[in-house]
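Notes for the one structure printed next.
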Amino acid sequence: MHSLKEMRREFQRAFNVSTNRVKVAIGLGTCGIAAGGEKVWNAVNEYVENEGLDVDMMSTGCLGMCYAEPIMEVHMPGEPRFVYGNVKPETAVEILERHLKYGRPSPEYIVGQDPRGFEPAPNIMELKDTGFFKSQVKTVLGRCGIIDPEQIAHYIAFGGYEALEKVLSEMSQIEVIEEIKRSGLRGRGGGGFPTGRKWEAAYNSPGPKKYVICNADEGDPGAFMDRSILEGDPHSVLEGMAICGYAIGADEGYIYVRAEYPLAIKRLRKAIQDAEAMGILGDNILDSGFSFRIRIAAGAGAFVCGEETALMHSIEGKRGMPRVRPPYPAQSGLWGKPTNINNVETYANVPGIIRKGADWFAAMGTDNSKGSKVFALTGKIRRTGLAEVPIGISLRDVVFDIGGGIQNDRKFKAVQIGGPSGGCIPASHLDTPIDYDSLIQLGAMMGSGGLVVMDEDTCMVDVARYFLKFTQEESCGKCTPCREGTMRMLQILERICQGQGGPEDIDTLENLALVVKSTSLCGLGQSAPNPVLATLRYFRSEYEEHIFNKKCPAGICVELLDIIIDPAACKGCTLCKNVCPADAITGERKKPHSIDPEKCIKCQACIMKCPFGAITKG
Amino acid sequence: MTAITVSINGIKTTVPEGTSILQAAAGAGVHIPTLCFHPDQEVKANCRICVVEVEGRNNLAPACATAVSEGMVIKTATRRVLAARRTILELILARHPQDCLHCSRNGTCELQQLAAEYDVRYNRFPRDEWQLPLDYSTPGIVRDPNKCVLCHRCIEVCTAVQTVNALGLANRGYDTQVVPSIDHDLFESPCVMCGQCIHACPVAAITERDQIDELMEAISDPEKVVVTQIAPAVRLALSEEFGGEPGRLRMEQLVDGLQKIGFDYVLHTNFAADLTIWEEGHELLERLQEGRNLPMFTSCCPGWVRFAEVYYPGLLNHLSTCKSPQQMFGALVKTYWAEKMGIDPEKIVSVSIMPCTAKKYEAVRPEMIDSRYADVDMVLTTREIARLFRMTGIDPLKLAGAFPAPWMGEYTGAAVLFGASGGVMEAALRTVCELQGGTLEKIDFCDVRGMKGVKEATVYLNGKPVRVAVAHSLSNARVLMEQVAAGESPYHFIEVMACPGGCIGGGGQPLTRTDRDRARRMQAIYDEDRGRQRRKAHENQEVKALYQDYLGSVMSHKAHELLHTRYTLKRKNT
Amino acid sequence: MMLMNTALKINYRTQAANELAESTPCPRSVNDVYSLGVNLQYCIGARYREIAELNQKETRSDSIRLAEKQMEIKKRIDQAASHHLNILIQHFYEQGGPVIEDPVSEETVKEINPFYNRLMSNFLKTLDEVTDKVRRGEMSIGEMETTIDRELISMYGALGNLFGVGEMRKAFHDLVEIRESLA
Amino acid sequence: MCNCGENLRDQRYTALEKTLKKYRHTTGKIIPVLQEIQDIFGYVPIEAIREVSRELKVPSSEIYGVVTFYGQFHLQARGKNIIRVCTGTACHVQGGGKILEAITDYLGLKDGKMTSDDMMFTLEPVACLGACGMAPVMMVNEDAYGRLTPDEVPAILARYDENRKQKDDEKCIA
């Protein structure tokens, strides 16, 4: 079998040689670009050309520090790697100037340094000691932000395709499956089904033709870890899929990527072409006799296609509607053939398990939820971004250590885990370990890993209404409870938010939520009521406040607000009177003004306009 | 198959592996309600009405789709299960028009039955009906999208059983709808109006176009002479509407009843069925001699004819040029029969009572005016006639009986067979085999009988083998047509009926749930055939008289003008 | 739903006749021209029959006569078609069975199609307008007849010019001749 | 009147024919075909559905079902520039709704219409653009704008608005 060893050594040399050259790396994932990363790239490029400097420019995937985007890294020969955050085009040039001309870092912009074996610079925090990275363990995201995702050489240099080589040369199909079972890896898509057992089922069903599918639909709003993996380290997913193909005896794979990720699709397509060019994918991989071809199937805008059977129908060119199970995909999946479906992150874990062994993986995490999980920290948190943490870490650590606590020191109220299929967890449960089973007991679920932090200014009824609006629009319409039930729940919640909720609404809402949860055909319908049930369970008082006192404690539900002018603070400058669309404000110049609650449409334009902050929403 | 024992509401029962909870419960005498379940269709598990509690499982399991496993403990009527079913019913009813009192399915609607069974007395959810216009675009079928409960049964029958693909789903979630293809009206879609979707629909979302008012207008007009023809499959199914077994109603009772309703003259389509055998038999022999346009297809089923015109315009020359018995009868009633009875054809209203909705379309085809007037003015289905009997307070099963009008009232056992799939073939073979002399000892051709999708037989005509085939449901017809299109068809003569089981399962018949009901009706047809004295089409004396007095000879120019037609391509959104 | 929604009274006979005319593909041989003529006769006959069904005193007898006249014209076209067919068959046997190609090729049909469709849909539109006018009493049955004849003959002429091949143009000419001979 | 409209139609229909020829003998490739049609026309015209049904031998009722199921396909023509506003969790919590209001005011969209009258912009609220760290986020065609405030919206949209540019030019000329 043709081995990659020599090629790997050569690529490593090339990669290390490049360390004694000046290198500037800028994060150009979707979030990097959205934060203005391209402008920084152009400015630096222009500066390097004008000055005629011998500098290697490199674009990388994202390190996970969205709060600090755009990110620029400077590698000087013989020095540690300096990571700069919130870089603007002008400051980037200034930083480079200082580095190249005077060899000094600019502490005011620095996020951290990575010594890489060299002598660390004084009084600059090391990356791994910063709050964001301290309790993280980067196995799946290890290469993201380090390598150039469009260079297969970088991937191979960092141990890429070593696992595939090991599997094809030394391991039998059963051994691979046993290794995955021993590692305790569970599905990262949300269900948490043991991956080893799933592969074994597909392996056991007969049939010359089998398929491997990677579910990269990631429809959860607020979740983007799959995108970062696909954009930052696409080859790890391809390798994981190839290993699975070998294990279950499939020769064809599909990556179902949602249409809203064009950059991920572009990088995946390049990765597949590069791998096929090097004989690592396609026919007779590395002369081992095993062939495996991967195709990309683009989604077309349907959250329900994250569900296994709906996804397969979508690849088959049909409406993405789930079907009855059994038969499970392992027996009869894509075009009726045995199929194994796993999430992006699950496949990305596989090469690590094979290379470093099941025990290395099993050491991380709790006794029934092994390994690490990538979470997308968003919402009212100081440090938003991607964090890969060992399973079993407590919520408090994630929110306050990694996340850096709540923005402008507001009080923590709850965290939503699992997106629209998950539930919210109040402050009282901050110390529960994050693992599959304990989250389910709290009425939430691991889900794909979206973690939205909310502070005291968030209204939980509005959050439940927001999630219901999402699942109602994404319901496929096949089964009655989900098609009708989600809309009826949404209508009740909207009535409550508009102050027209009646006393019986809470019971109807809870009863309907339980019926939809227990009778819906697929995961979407079964988990759509979770946000409602969780908010009812922990924040029932807020519902009652909205219904009986017609008040919104967090001041979010607009129809329930009374906008009042504080006579003491009002200087009578009439600015608010001019801007008010419903001319609900009366009063002469220099005299305190007042708002007529009947006319006021609560658009809050006056609050924004008032220079003296005299108008508040009570 | 290993046997599995489960406990349903405490009753122990043993069933083979792979049985669903629904079937196991039925076996144990436990009733579980269903809505989207249909015995002859794939399990869809859309409506979730049939959910039950299974020990050790936190959500409720759909009985139709969950297979039993060893030692399963099932409870089908706990408080949680009943609350779930009632909530789901409330959800459906909140979007369903509340006009049960003047809905055509009042009393036979499955949703109405469930609402009564589960005591849905109030609805917690505000009304939110669709308020869409009704679709009257086809002469045979009317669609009321506001009543659709999205069980997908009509789509399944139109796509899997009939392969016409006229109906499909549109939009997603709360706005999901069943629409004709590309959401144009039904007439633009490839719909052949076979009416199988009416049988599949649990509610009144799809019904036959109602022509009772037109009929009453004609009957009450003293100027008009209302003449009707009755199809063979109508009589035997009508008794089901009045609580009788298929076939209990005698034809004389039906004739008596129709006269009491106000028809001036009652005759039989069967007369024209025998006539069709004469014409089509000769056409077959002609084609066999010349070896031209073989295999020949029957053309008495208008749904099948329209299917061929839409999907196989290149093979229309294979269809027999004979009209269907209904149209032959229509052409003759305003010419030969008017002359014989001395009635001014202008005054005649030609009505036909059919088990079929597609006949309503055939009657308005532009080519069907060879009697210089509309051959058939209106077509009523078995269901409409049953409604008419109820309206006029007549219970046909209690009537003494009456005889049909002269000249076109006689018919043989062969004509009766037309109602069942394979009947036309058997009738044709009985005549064709005897045309070249000699009499057949065995006249029952059993290989073309029964519910099998495609039936085959080989017969010897003047020493040469003639291979024949019979197909019912258009999915089977498509199999045979693909063979013909590829030029590999081994057959010489093929009978096609669009509806499963033939006309006894037609779109206008009393609502038929399962193939078992259709098989029972087939048996009633074979019994009637066996009971008749004359059982071969060429023994029909009135047909002989027709040829002598009026048409001259078989396939004569006059016969060709009145009893034959042509077919043309139909451009549709296939 | 006993009473059909009267506002939506569809005359299914006319609808089926229209469907027949609209589904007739662009003719590629003489026999296609004749069958196009037959289909249009059915279409026009159905319109007169629709007027007859209204039982308005002044239009009833004329519309029935005109409906029957269309069937007469249809019979004459049928005779012309079978006459042409016999010539074809005779030619076929004399020449020892050569493959008979349609005079109009696939490509020409592709070019002609849009114009053919436009001419046909315009004609059917005029039929609709004229029938509505008579139904509302804004036009006499006589005017209807003259308009239809004029429009039909001009359409046959226009269709004839589309085809370069003499045989096809002559066929359209025959249709005009039959119609005028029975006017 | 120039026939540029005419040859634009022909270009698009020849492109459609090329696409259909490419997928003629494939199975289950309806979604890629529809995606290419959407790129060619900006939406999926009804005639295209009939062509796809004829070429791929799939019933048009099924294809219509697919077109109306997925959010990416549209049956009506859309504006030149597509504005996608993220209504994901993070963006919602950080004030995504206000951005949406600012856009609808700027485009003058009334009662649920999503395309501006001058066919210049089409607004599409999207569940999540995957840049939650930059919430609230908006994309115009392929350019992304993060950490937005409502009053920045008019300036950004004006850059894409050719009519507004002409109007501005006329204004300054007049």
Where do A/R323 and B/E42 land on the side chain to side chain contact (heavy atoms under 4.5 Å, CB included) test, with the steps shown first?
-> CA-CA 11 Å; A/R323 62 162 166 76; B/E42 264 176 46; over 6 Å; no

Hey, mind stepping through B/N59 and A/Q526 against side chain to side chain contact (heavy atoms under 4.5 Å, CB included) and telling me if it holds?
-> CA-CA 9 Å; B/N59 63 2; A/Q526 286 154 12; 3.7 Å; yes

Does the side chain to side chain contact (heavy atoms under 4.5 Å, CB included) test come out yes or no for A/R488 and B/Y174, once each step is laid out?
-> CA-CA 10 Å; A/R488 293 321 184 151; B/Y174 197 68; 3.6 Å; yes

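Note that the SG atom of A/C476 and the CG atom of B/N171 stand 13.0 Å from one another [nearest 0.5 Å]. Remark: A/T480 OG1 to B/E90 CD distance equals 13.5 Å, nearest 0.5 Å. B/N46 CG to A/C479 SG: the interatomic distance, rounded to the nearest 0.5 Å, is 8.0 Å. For the atom pair CZ of B/R95 and CE of A/M487, the computed distance is 7.5 Å after rounding to the nearest 0.5 Å.
For a residue to count as touching a neighbouring chain, one of its non-hydrogen atoms must lie under 4.5 Å from one of that chain's; by this rule B/A61 does not touch chain A. There is no contact between B/I49 and chain A, counting heavy-atom distances below 4.5 Å. Contacts between A/R319 and chain B at a heavy-atom distance below 4.5 Å involve the side chain alone, from C-beta outward. Residue B/D128 touches chain A through both its backbone and its side chain, counting heavy-atom pairs closer than 4.5 Å. Heavy atoms closer than 4.5 Å to chain B are found in both the backbone and the side chain of A/E474. Heavy atoms closer than 4.5 Å to chain A are found nowhere in B/R57, neither backbone nor side chain.
Residue with the most contacts toward chain B among A/V515, A/V304, A/T486: A/V515 (heavy-atom pairs, distance under 4.5 Å). With respect to chain A, the highest number of heavy-atom pairs below 4.5 Å among B/T176, B/L91, B/V51 belongs to B/L91. Ranked by heavy-atom pairs under 4.5 Å with chain B, the first of A/P326, A/C482, A/S520 is A/S520. Ranking B/T66, B/L169, B/V149, B/I88 against chain A, the residue ahead of the rest is B/L169, based on heavy-atom pairs under 4.5 Å.
A donor-acceptor pair under 3.5 Å is formed between the side chain of B/R48 and the backbone N or O of A/T519. Counting only distance, with no hydrogens or angles, the side chain of B/R124 and the backbone of A/L509 share no donor-acceptor pair below 3.5 Å.
With A/S518 as the partner, the side chain to side chain contact (heavy atoms under 4.5 Å, CB included) test is satisfied by one option alone out of B/V81, B/N58, B/L60: B/L60. Screening A/V516, A/T508, A/N511 for a side chain to side chain contact (heavy atoms under 4.5 Å, CB included) involving B/T87 leaves a single residue, A/N511.
The number of heavy-atom neighbours closer than 6.0 Å to CZ of B/R80, taken from other residues, nucleotides and ligands shown, is above 12. Taking a 6.0 Å sphere around NZ of A/K318, one finds it holds more than 12 heavy atoms contributed by other residues, nucleotides or ligands.
Proximity of B/R172 to A/K478: side-chain heavy atoms (C-beta onward) are nowhere separated by under 4.5 Å.
Smallest separation of non-hydrogen atoms from A/P481 and B/C47: CD-O, 4.2 Å.
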